[in-house]
Visitor: 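Dropping the structure in here first, questions after.
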Amino acid sequence: MEKKVTKIGVMTSGGDSPGMNACIRAVVRTGLYHNLEVFGITRGYAGMIDDDIHQMDSRSVANIIQRGGTILKTARCKEFMNAEGRKKAYENLKKRGINGLIIIGGDGSFKGAQIFSHEFDIPCIGIPGTIDKDIAGTDFTIGFDTAVNTAVEAIDKIRDTADAHDRLFIIEVMGRDAGYIALHSGIGTGAEHILIPEKKTDVEAVLSSLQEKERRKKLVNIVVLAEGDDFGGANHLATVVKERIPGFDVRVAILGHIQRGGAPSSMDRLIASRMGYSAVECLLDGRFNVMVGIMNNKMHYTPLDNAVKAKQKISDEWMKIVKILAS
Ligand code: F6P
């Protein structure tokens with residue numbers, strides 16, 4: 001028979017994302033509502049190994065729903081990838097009687113949770129927190145909506161100056177392995193081209209389309225590209241465009257980590273609250289070792305074993321929309 005969960009640990013892991021605090025708040029308050037003891041683990045798996053663990057009460061999550069970053073801090077931890085590190089982490093949980101764990105993070109963090117849940121008798125629940133939205137089994141990840149809105153706001157501003165000078169701007173957004181921020185912010189700002197890691201970049205096609213625009217005297221152009229695009233980044237593309245189409249006045253903007261910070265959007269606060277609440281309910285209901293997601297506005301549970309394998313796919317129709325709307 002599965003043991004009853006009475007003491008839970010919560011942590012944030014990997015790259016931070018706006019809304020993580022709202023999620024921590026939801027986990028802590030739902031846990032307390034059910035008379036569980038709740039422990040915050042600082043700096044993700046690193047804090048688990050270093051025994052940086054403290055008990056939380058309702059007040060410890062007051063006034064954080066609106067704040068970006070994470071009050072529990074976060075880290076990417078190599079030591080957790082070896083068995084010795086995981087054993088140390090387990091012992092630190094065990095000595096406090098922690099018998100349920102909630103990990104808010106991306107697929108790297110879920111990989112750690114998946115291995116840990118196979119090795120030890122502590123059930124783990126994953127909550128997708130990443131601006132990249134590169135996780136299957138959920139329509140949204142915590143922080144994605146805020147990051148896209150940040151990018152859209154920045155690109156709108158860039159368009160004003162691009163328009164004033166008749167310039168071509170190449171704007172690099174985050175997404176090492178995933179193009180969702182580029183896709184959503186690019187469509188939302190009317191970009192002429194969107195380049196993403198999921199689709200092989202045909203640079204000749206981009207150049208000939210820009211040449212054609214130059215002929216039509218369409219000189220204000222926005223190209224949005226994800227940092228992980230295979231062509232090699234905004235600066236490289238700008239160099240090639242300048243060489244091949246000297247008529248264009250080209251500028252580059254790399255948006256960088258501003259996309260990771262800031263107050264979470266209402267959407268991120270909402271999904272973070274629902275997912276945090278639901279993760280605790282999973283532990284209480286014995287629905288162990290799953291990732292909590294939201295699909296078609298309903299809670300959706302993916303076994304951690306599958307959550308680490310599957311990737312979201314971007315259909316060709318998205319690219320067709322970009323092409324048609326940017327003509
Ligand atoms: O995973 C989120 C993310 O912001 C990626 O889009 C980006 O490539 C990466 O993290 C940057 O990581 P770091 O902050 O460690 O440089």
Side-chain angles (χ1 to χ4, degrees), residues 14-15 17 19 103-114 126-149 151-152 155 171-203 205-206 209 223-234 237 255 259-260 265 267-268 271-272 274-275 289-326:
S17 62
I103 300 108
I104 309 163
D107 64 341
S109 309
F110 296 162
K111 243 170 245 162
Q114 182 213 18
I127 299 181
T130 163
I131 63 165
D132 289 346
K133 198 174 96 73
D134 56 344
I135 293 173
T138 186
D139 290 336
F140 291 99
T141 60
I142 297 167
F144 172 72
D145 184 62
T146 308
V148 170
N149 280 307
V152 163
I155 299 168
I171 301 166
E172 186 173 302
V173 298
M174 273 190 158
R176 203 166 21 205
D177 307 306
Y180 283 99
I181 298 178
L183 199 58
H184 285 228
S185 64
I187 292 177
T189 54
E192 272 64 32
H193 292 279
I194 300 176
L195 312 183
I196 55 175
E198 291 84 346
K199 308 275 173 200
K200 177 129 194 58
T201 291
D202 181 351
V203 74
V206 174
S209 142
V223 176
V224 176
L225 114 178
E227 62 176 325
D229 173 65
D230 64 308
F231 190 66
L237 182 62
L255 300 189
Q259 294 159 97
R260 282 246 293 265
S265 65
M267 165 85 155
D268 276 327
I271 64 166
R274 288 177 73 188
M275 288 176 181
N289 305 324
V290 294
M291 182 198 84
V292 172
I294 298 177
M295 290 189 93
N296 300 322
N297 207 21
K298 288 201 171 57
M299 300 320 294
H300 185 88
Y301 309 98
T302 307
L304 276 179
D305 287 345
N306 300 348
V308 300
K309 275 184 230 135
K311 283 269 162 210
Q312 283 200 28
K313 294 211 168 59
I314 293 182
S315 83
D316 289 334
E317 192 155 24
W318 282 95
M319 307 323 283
K320 195 171 162 195
I321 294 174
V322 176
K323 200 165 173 194
I324 292 173
L325 300 190

Visitor: Got a second to check how far Asp134's CG is from Thr141's OG1, nearest 0.5 Å?
Guide: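 Atom-to-atom, Asp134:CG and Thr141:OG1 are 7.0 Å apart.
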Visitor: Output a table of donor-acceptor pairs, distance under 3.5 Å, between side-chain atoms of residues 174-183 and any protein atom two or more places apart or on a different chain; print 'none' if there are none.
Guide:
unit_1 : atom_1 : unit_2 : atom_2 : d
Tyr180 : OH     : Gln312 : OE1    : 3.0
Tyr180 : OH     : Lys313 : O      : 3.2

Visitor: Glu192 versus Ser209: any side-chain heavy-atom pair under 4.5 Å?
Guide: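 Answer no - side chains too far apart.
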Visitor: Using every non-hydrogen atom in the two residues, find where Ser109 and Ile103 come nearest and quote the distance to one decimal.
Guide: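 Heavy atoms of Ser109 and Ile103 come nearest at CB-CG2, 4.0 Å.
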Visitor: Would you say that Val308 contacts Asn306 through its side chain, given a criterion of any heavy-atom pair below 4.5 Å between the two side chains?
Guide: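 Answer no - side chains too far apart.
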Visitor: Could you state the interatomic distance from CG (Leu325) to NZ (Lys320), rounded to the nearest 0.5 Å?
Guide: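 If I round to the nearest 0.5 Å, the distance is 11.5 Å.
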Visitor: Quick check: do Leu225 and Ile171 have side-chain heavy atoms less than 4.5 Å from each other?
Guide: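 Not in contact.
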Visitor: So do the side chains of Thr130 and Ile135 get within less than 4.5 Å of each other, counting heavy atoms only?
Guide: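 Heavy-atom side-chain distance check passes, below 4.5 Å.
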Visitor: Which heavy atom of Ser17 sits nearest a heavy atom of Gly129, and at what distance?
Guide: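 The pair with the smallest heavy-atom distance is OG-C, 3.5 Å.
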Visitor: Val224 and Ser185: which non-hydrogen atoms are nearest, and at how many Å?
Guide: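 Where Val224 meets Ser185 most closely, the heavy atoms are CG1-OG, 4.1 Å.
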Visitor: Suppose we screen for salt bridge (charged side-chain N to carboxylate O under 4.0 Å, His left out). Which residues come up paired with Lys323, at least two apart in sequence or across chains?
Guide: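 Salt bridge (charged side-chain N to carboxylate O under 4.0 Å, His left out) check on Lys323 returns nothing, list empty.
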Visitor: Closest approach of Pro128 and Phe140, non-hydrogen atoms and distance?
Guide: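 Of all heavy-atom pairs spanning Pro128 and Phe140, the closest is CG-O, 4.4 Å.
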Visitor: Between Asn149, Thr146, Ile131, which is the residue that forms a side-chain contact (heavy atoms from CB on, under 4.5 Å) with Asp268?
Guide: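 In the set Asn149, Thr146, Ile131, the residue that makes a side-chain contact (heavy atoms from CB on, under 4.5 Å) with Asp268 is Thr146.
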Visitor: Measuring only between side-chain heavy atoms, which start at C-beta, is His184 closer than 4.5 Å to Trp318?
Guide: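 Yes, at least one pair of side-chain atoms sits under 4.5 Å.
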Visitor: Considering only NZ, NE, NH1 and NH2 on the basic side and carboxylate oxygens on the acidic side, decide whether Asp139 and Lys133 come within less than 4.0 Å.
Guide: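 Between Lys133 and Asp139 there is no salt bridge, as every charged N stays at least 4.0 Å from the carboxylate O atoms.
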Visitor: Please set out all donor-acceptor pairs under 3.5 angstrom arising from side-chain atoms of residues 292-304, sequence neighbours excluded.
Guide:
unit_1 : atom_1 : unit_2 : atom_2 : d
Asn297 : OD1    : Arg274 : NH1    : 2.8
Tyr301 : OH     : Ser278 : OG     : 3.3

Visitor: So how far is it from Ile104 CD1 to Ile127 CD1, rounded to the nearest 0.5 Å?
Guide: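 Ile104 atom CD1 to Ile127 atom CD1 measures 5.0 Å (nearest 0.5 Å).
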Visitor: Going by side chain to side chain donor-acceptor pair (under 3.5 Å), Gln114 matches just one of Asn289, Asp107, Asp305. Which one?
Guide: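 Going through Asn289, Asp107, Asp305 one by one, the side chain to side chain donor-acceptor pair (under 3.5 Å) with Gln114 is satisfied by Asp305 alone.
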